[in-house]
Asker: 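The structure follows.
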Amino acid sequence: MASGFPFAQLTSNQLTYSERDAGYRRLHAWPEPSYHHDSGLHLVWRYDDARELLEATAPEISNAQALQPLVGFGRIAANPRAVGHLCRHLLPPPAKATADLTDDMLHRRVWATMAGPTGYFTVPADMRSERADALAEHFRRSLPITRETTEPLDVTALSITYATRVIGETIGLPQRDWPAVAEWSDAQSGLLGRWMRGRELADAVGALGRLFTVSGSAVAHSRRHATGFSGHLLAAGIAPRVAVSVVANSLAAGVHTVSGSIQQGVQRLLDDPDRQWWKLLGESAGAARVAAKVLQLDPGLVGWKRNILRPISLRSGTRLQRGPVLVMFAAANRDPRAFADPLAIDSTGKMPLTFGFGRHTCPGKQLAQLAVEVFLRELHSHTPHAQLVAPVRSARSRPGDLLFSGADIVIR
Ligand code: HEM
């Protein structure tokens, strides 16, 4: 990444946190406000532009393709194994229900069932400590049972198990399905941000299909027993077909976003020779400050798609042509035009865009924030003197992914 456009070849997922810091610094010094990436996406990273695109109030900005696979449906249709999975699990095509829904009335109803004052994922202030205790229990149960305290601990695996448990339980999935959720969620995430082909593409379509099949079973079960998140959706008058997609999208949305944030955060915290932020995790209210900063700088989801329907001049003057856009909100969270000193723990500035902005703002935001906070706090309390173990594979050998980002972290 020596010269040229900083994210032309490598994605955040293939960089260490310090390389990301350098890359984002160079990005904000780039003379143009957008970049046409080889993937076909137009990259946009300045704070004001990112916020306007996420908000998507102008008629030229659409969210309808937000969940389209990066490789496009043509490549999937040309892959016989993928087509087999598609026919088995994904026909008739799932309803649009969340991020790519353009029916505003229906979207408002769906969103209110997830977020807002009585939303299913909302963590009310008076329930925060009870929810934190439940999350701490998930952390403990995610630890390898037979591990000696002196043995290395795979934080990447631990964070994925933890996030899977948290999301699986929140959505009300039978416990036997929890271990597979990580794989299915990885498939949906991978289809959005990776240039997949061949067997990998077919396997991802198969796993995505399983995600919808299991979500369909959860909704069918709730129709009989009126329980859990699916029961909550049906009781709110959401049609079963839409409810299946809400369940599937939510299962997919929560696992690698939460676990990727944890992995990258732990790398930054433990690589600091003074361990200032790591030590803060042991102080009251310190973990909430550190988690907020981790989610600003190193979120597990770094960008989100929008589509430009007709050429548009954004309010800043940035001009965008017709076509798909990648809103690099993790980059926008460090824009010096919006944040005085983004790498400082208590820096002042605008609201980070990690969870989106506007109508489609992430409904899992409060749950995700608390889940990251509790994991970091519990990890610190479990291994206060943790050291990073040199990774077996380099960050470069992680898959290129335009949306999702994580790190291979082992501690001792
Ligand atoms: C660190 C963790 C997370 C991050 C960074 C994150 C980020 C985002 C972003 C950027 C969006 C798109 C917003 C837009 O289109 O404007 C989104 C949407 C969404 N997220 Fe999250 N998310 C996280 C965790 C979760 C969790 C834990 C859940 C579920 C329990 C969840 C469920 C959803 C759903 C269902 C949507 C679609 C919302 C809609 O369009 O109505 N997310 N999230």
Side-chain angles (χ1 to χ4, degrees), residues 13 16-17 131-171 173 175-186 189 251-272 275 277-282 286-288 290-291 294-295 298-301 364 367-393 395 397-399 401 404-412:
N13 192 40
T16 64
Y17 80 93
R131 296 297 293 277
D133 290 348
L135 292 170
E137 185 58 23
H138 278 307
F139 174 88
R140 284 188 282 279
R141 287 176 180 252
S142 304
L143 286 166
I145 301 165
T146 53
R147 176 180 165 267
E148 295 290 327
T149 44
T150 49
E151 276 176 37
L153 178 61
D154 184 338
V155 175
T156 296
L158 178 66
S159 64
I160 293 173
T161 306
Y162 167 79
T164 307
R165 290 186 63 95
V166 172
I167 303 304
E169 187 187 47
T170 304
I171 305 293
L173 216 60
Q175 208 158 339
R176 64 169 186 276
D177 289 328
W178 292 0
V181 169
E183 183 200 330
W184 300 332
S185 161
D186 187 46
S189 313
L251 280 171
V255 176
H256 293 282
T257 48
V258 167
S259 57
S261 309
I262 290 169
Q263 295 152 24
Q264 298 176 139
V266 170
Q267 189 180 46
R268 181 183 292 275
L269 266 55
L270 288 181
D271 202 37
D272 168 18
R275 299 178 163 236
W277 296 7
W278 178 253
K279 286 179 196 156
L280 272 178
L281 294 173
V290 173
V294 162
L295 285 165
D298 301 306
L301 182 68
L367 174 63
Q369 285 170 324
L370 191 60
V372 172
E373 175 187 330
V374 169
F375 185 101
L376 294 176
R377 192 192 67 199
E378 291 299 311
L379 185 68
H380 175 267
S381 138
H382 182 73
T383 47
H385 306 294
Q387 303 280 343
L388 286 171
V389 173
V392 175
R393 63 169 179 171
S397 54
R398 293 177 57 82
D401 193 319
F404 289 83
S405 190
D408 297 343
I409 303 296
V410 176
I411 60 172
R412 192 183 284 285

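Please read all numbers here as calculations on a predicted model, not as lab measurements.
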Asker: Give me the atom names and distance for the closest heavy-atom approach of His385 to Arg275.
Answerer: C-NH1, 4.4 Å
Asker: Mind listing the closest non-hydrogen atom pair of Leu281 and Leu269 along with its distance?
Answerer: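 Nearest heavy atoms, Leu281 then Leu269: CD1-CD2, 3.6 Å.
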Asker: State plainly whether the residues Arg141 and Glu137 are in salt-bridge range, i.e. N to O under 4.0 Å.
Answerer: yes
Asker: With a 4.5 Å heavy-atom cut-off, do Gln264 and Val294 have their side chains touching?
Answerer: no
Asker: Mind checking whether Val389 and Leu153 have side chains closer than 4.5 Å, heavy atoms only?
Answerer: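 No, too far: nothing below the 4.5 Å cut-off.
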Asker: To the nearest 0.5 Å, what is the distance between CG on Asp408 and OG1 on Thr156?
Answerer: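 Answer rounded to 0.5 Å: 5.0 Å.
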Asker: Using modelled atom types and a 3.5 Å cut-off, is there a donor and acceptor pairing between side-chain atoms of Thr383 and backbone atoms of His380?
Answerer: no
Asker: Between the main-chain N or O of Gly300 and the side-chain N or O of Ser261, is there a donor-acceptor pair closer than 3.5 Å?
Answerer: yes
Asker: To the nearest 0.5 Å, tell me how far Glu378 CD sits from Glu373 CD.
Answerer: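 Between atom CD of Glu378 and atom CD of Glu373 there are 10.5 Å.
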Asker: Under a 4.5 Å cut-off applied to non-hydrogen side-chain atoms, are Leu173 and Val181 in contact?
Answerer: yes
Asker: What's the spacing between Asp177 CG and Thr164 OG1 if we round to 0.5 Å?
Answerer: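 Asp177 atom CG to Thr164 atom OG1 measures 12.0 Å (nearest 0.5 Å).
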Asker: Identify the heavy atoms of Gln263 and Gly406 that sit nearest to each other, and give their distance.
Answerer: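 So the two residues come closest at OE1-CA, 3.4 Å.
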Asker: For a quick test of reading the model, state the closest non-hydrogen atom pair linking Tyr162 to Leu135 and the distance between them.
Answerer: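 Answer, listing the atom of Tyr162 first, then Leu135: CE1-O, 3.4 Å.
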Asker: Between the side chain of Arg412 and the main-chain N/O of Gln387, is any donor-acceptor distance below 3.5 Å?
Answerer: no
Asker: Answer yes or no: is there a side-chain heavy-atom contact under 4.5 Å between Phe375 and Leu158?
Answerer: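 Heavy-atom side-chain distance check passes, below 4.5 Å.
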Asker: Donor-acceptor check, side chain of Ser259 to backbone of Ala163, threshold 3.5 angstrom: yes or no?
Answerer: no
Asker: Are Asn13 and Phe404 side-chain neighbours, meaning at least one heavy-atom pair lies under 4.5 Å?
Answerer: no
Asker: Locate the shortest heavy-atom distance separating Ser185 from Ala252; write the atom from each residue and the value.
Answerer: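 Scanning both residues completely, I find the closest heavy atoms to be OG-O, 3.0 Å.
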Asker: Does His256 use its side chain to pair, donor to acceptor, with the backbone of Ala182 at less than 3.5 Å?
Answerer: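 Yes, His256 side chain to Ala182 backbone: donor-acceptor pair under 3.5 Å.
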Asker: Which distance, rounded to the nearest 0.5 Å, do you find between the OG1 of Thr16 and the CG of Asp271?
Answerer: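 Rounded to the nearest 0.5 Å, the OG1-CG separation comes to 8.0 Å.
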Asker: Please name the pair of heavy atoms, one in Val410 and one in Asp154, separated by the smallest distance, quoted to 0.1 Å.
Answerer: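 For Val410 and Asp154, the tightest heavy-atom pair comes out as CG2-CA, 4.3 Å.
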Asker: Using 0.5 Å steps for rounding, measure from the CZ atom of Phe139 to the OG atom of Ser381.
Answerer: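 If we round to the nearest 0.5 Å, Phe139:CZ and Ser381:OG are 7.5 Å apart.
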Asker: Between Trp178 and Thr161 (side chain of the first, backbone of the second, donor and acceptor by atom type, cut-off under 3.5 Å), is there such a pair?
Answerer: no
Asker: Would you say that Val266 contacts Leu379 through its side chain, given a criterion of any heavy-atom pair below 4.5 Å between the two side chains?
Answerer: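 They are in contact (side-chain heavy atoms under 4.5 Å apart), so the answer is yes.
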Asker: Rounded to the nearest 0.5 Å, what separation is found between the CZ atom of Arg131 and the CG atom of Leu370?
Answerer: 7.5 Å
Asker: Any sub-3.5 Å donor-acceptor pair from Gln267's side-chain atoms to Ile409's backbone N or O?
Answerer: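 Not at all, since once roles are kept as given, no pair shorter than 3.5 Å links the two residues.
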Asker: Under the 3.5 angstrom rule, does the side chain of Ser397 hit a backbone N or O of Arg393 as a donor-acceptor pair?
Answerer: no
